Visitor: 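Sharing a structure here in structure tokens format.
Both counts, for ligands and for their atoms, begin at 1 and track the order of listing. Owing to the predicted nature of the structure, the values given are computational and were not obtained by experimental measurement.
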Amino acid sequence: MGNIDWGNLPFGYFKTDYNVRCYYRNGKWGKIEISSSEYVNIHIAATTLHYGQEAFEGMKVFRGKDGKVRVFRWEENAKRMQNSCRGIMMAEPPVDLFKEMMIKAIKLNEKYIPPPGLGAALYLRPLTIGTGPQVGVKPAEEYLFMIFVGPVGPYFKQGFSPVDVQIIHDYDRTAPHGTGQYKVGGNYAASLRPADRAKKEGFSTVLFLDSKENKYIDEAGPANFFGIKGNSYVTPNSTTILPSITNKSLRQIAEDLGMKVELRPVPETELDEFDEVGACGTAAVISPIKRIVDRDSGKEYKYCPDGKPGPVSTKLYHTLKGIQEGEIEDKHGWNLIIE
Ligand code: PLP
Ligand code: COI
């Protein structure tokens, strides 16, 4: 693939050769289908179009310097997909089916796995949609689980360099007893308007507060939030945020590095006390934050005095990437090597 500029890929859609699909009909999952079409032909009354029956995942595949291809913590994504499906009453793709389709999707598009060392990865996007028709508000009886893939670069165009984010009070991503812990399309629809405004106002993304009291940090639009205070890694626990697999991994890495991990509510007022803050997720990896501005009060919280990512975020970033790319021992067994 001599014509792909691997080192300058955006985080976006990239046409590859194949995607894989599987229908759930009459109470069971069918045969895996391989498709080279970028389109899905669905019923005009499909529940995904009307009532938002849609859940997705995001995962990355890396080619190491040793030539091996690794998928990071796929089983966590498979289980989270099941949880999201359960949350909005969709059929749950079995973990084994997820694995088989994932391996097929990777192997069929092997030539799109970026070479190591350029900050790129093959992104996998599994999704489940309600394809059966309903006009009354009811779950569908038919579902389609698919995986498409594409090479991507960093989510925030700055890559591993600090970004500015905006705290907002006039939009919620999800309700206190809503769907925040599920990776469902509706949550992202709710985030589009505030995220677009934040971009126009010069920020990379928004930081949502908890929607009940509007007092605690919830998460960033496409990523979880963490702060470093002395030797502690602090990250919000809240029922309205997506349980990030990257964050879970960083908590383990922090512990392995001898840090204390605090999973607890993080009030906005505590932002003054952190040495470093960042956003983390599959797409975002670690995006260090250099400035947080509260859009209502105008209060600014500043980090990275020399304009560079802080030392702890840097260590966490390189350790995570090192494990994913096969440079650092995978002592927790997080990678699946695709033979
Ligand atoms: N929070 C939201 C809202 C996300 O969309 C994502 C991305 O998947 C994350 C957090 C990070 O989760 P993960 O680390 O599992 O990719
Ligand atoms: C991811 O990190 O994989 C995400 O899904 C975040 C965003 C692109 C929705």
Visitor: Do any N or O atoms from the side chain of Glu142 and from the backbone of Tyr23 form a donor-acceptor pair under 3.5 angstrom?
Guide: no

Visitor: Non-hydrogen atoms of Ala283 versus ligand 1: any pair closer than 4.0 Å?
Guide: no

Visitor: For ligand 1, which atoms have a heavy atom of Gly221 less than 4.0 angstrom away?
Guide: 3 (C)

Visitor: Nearest non-hydrogen contact with atom 10 (C) of ligand 1 belongs to which option: Met59, Lys248, Glu219?
Guide: Glu219

Visitor: Are any of the heavy atoms in Lys183 under 4.0 Å away from ligand 2?
Guide: yes

Visitor: Ignoring hydrogens, what is the shortest heavy-atom contact between Ile167 and Ile217? Give both atom names and the distance.
Guide: CD1-CD1, 4.2 Å

Visitor: Which atoms of ligand 2 have any heavy atom of Tyr155 under 4.0 Å away?
Guide: 8 (C)

Visitor: Would a distance-only check, ignoring hydrogens and angles, find a side-chain to backbone donor-acceptor pair under 3.5 Å from Arg125 to Glu57?
Guide: yes

Visitor: Identify the closest protein heavy atom to atom 6 (C) of ligand 1: which residue and atom is it, and at what distance?
Guide: Pro222 O, 3.2 Å

Visitor: Ignoring angles and geometry beyond distance, decide whether Asn77 reaches within less than 3.5 Å of ligand 1 through its nitrogen or oxygen atoms.
Guide: no

Visitor: For Phe148, run the ring pair (Phe, Tyr, Trp, His ring centres under 6.0 Å) check against Phe14, Tyr13, Tyr112 and tell me which one passes.
Guide: Tyr13

Visitor: Between Ser232 (side chain) and Val234 (backbone), is there a donor-acceptor pair under 3.5 Å?
Guide: no

Visitor: Counting non-hydrogen protein atoms only, what is the nearest one to atom 6 (C) of ligand 2? Give residue, atom name and distance.
Guide: Pro222 O, 3.7 Å

Visitor: Within a distance under 4.0 Å of any heavy atom of Arg173, pick out the atoms of ligand 1 and give their elements.
Guide: 3 (C)

Visitor: With a 4.0 Å heavy-atom cut-off (strictly under), which part of Glu57 contacts ligand 1: side chain, backbone, both or neither?
Guide: neither

Visitor: How far is atom 5 (O) of ligand 1 from the closest protein heavy atom, and which atom is that?
Guide: Tyr188 OH, 2.5 Å

Visitor: Taking only Lys NZ, Arg NE, NH1 and NH2, and the carboxylate oxygens of Asp or Glu, determine whether Glu110 and Arg63 approach each other closer than 4.0 Å.
Guide: yes

Visitor: Can you name the atoms of ligand 1, numbered from 1 with element, that are less than 4.0 Å from a heavy atom of Ala223?
Guide: 1 (N), 2 (C), 9 (C), 10 (C)

Visitor: With atoms numbered from 1 as shown, which atoms in ligand 2 lie under 4.0 angstrom from a non-hydrogen atom of Tyr188?
Guide: 9 (C)

Visitor: Of all the non-hydrogen atoms in the protein, which one sits nearest to atom 16 (O) of ligand 1, and at what distance?
Guide: Thr282 OG1, 2.5 Å

Visitor: For ligand 1, does Arg80 get within less than 4.0 Å through its side chain, its backbone, both, or neither, judged by non-hydrogen atoms?
Guide: side chain

Visitor: Please state which part of Arg125 comes within less than 4.0 Å of ligand 2, counting heavy atoms only: side chain, backbone, both or neither.
Guide: side chain

Visitor: Quick one: does ligand 1 sit under 4.0 Å from the side chain of Ser244, the backbone, both or neither, non-hydrogen atoms only?
Guide: both

Visitor: Can you find an N/O atom of Ile245 closer than 3.5 Å to an N/O atom of ligand 1?
Guide: yes

Visitor: Determine whether the aromatic ring centres of residues Phe226 and Tyr233 are separated by less than 6.0 angstrom.
Guide: yes

Visitor: Against heavy atoms of Ala283, which atoms of ligand 2 measure under 4.0 Å?
Guide: 1 (C), 2 (O), 3 (O)

Visitor: For Pro114 and Leu122, which heavy atoms make the closest approach, and how far apart are they?
Guide: CD-N, 3.5 Å

Visitor: Answer yes when Lys215 and Asp210 have at least one side-chain N-carboxylate O distance shorter than 4.0 Å, and no when they do not.
Guide: no

Visitor: How are the rings of Tyr123 and Phe11 set to each other: parallel, tilted or perpendicular (split at 30° and 60°)?
Guide: perpendicular

Visitor: Please list, in number order, the atoms of ligand 2 under 4.0 Å from a heavy atom of Phe11.
Guide: 8 (C)

Visitor: Before signing off on this row, confirm whether Lys183 and ligand 1 have an N or O atom pair separated by under 3.5 Å.
Guide: yes

Visitor: Which residue is it: Ile34, Asn109, Asn19? I am looking for the one with a side chain to side chain contact (heavy atoms under 4.5 Å, CB included) to Lys104.
Guide: Ile34

Visitor: Quick one: closest heavy-atom pair of Ile32 and Met101, and the distance?
Guide: CD1-CG, 3.6 Å

Visitor: For Met59, state whether at least one heavy atom is located under 4.0 Å from any atom of ligand 2.
Guide: no

Visitor: Checking the side chain of Tyr143 only, and the main-chain atoms of Cys22 only, is there a donor and an acceptor separated by less than 3.5 Å?
Guide: no

Visitor: Can you list the atoms of ligand 1 that are under 4.0 Å from a heavy atom of Asn224?
Guide: 1 (N), 10 (C)

Visitor: Should you measure from each heavy atom of Tyr123, which atoms of ligand 2 turn up under 4.0 Å away?
Guide: 1 (C), 3 (O), 4 (C), 5 (O)

Visitor: Over 60° means perpendicular and under 30° means parallel, so classify the ring planes of Trp334 and Phe72, tilted if in between.
Guide: perpendicular

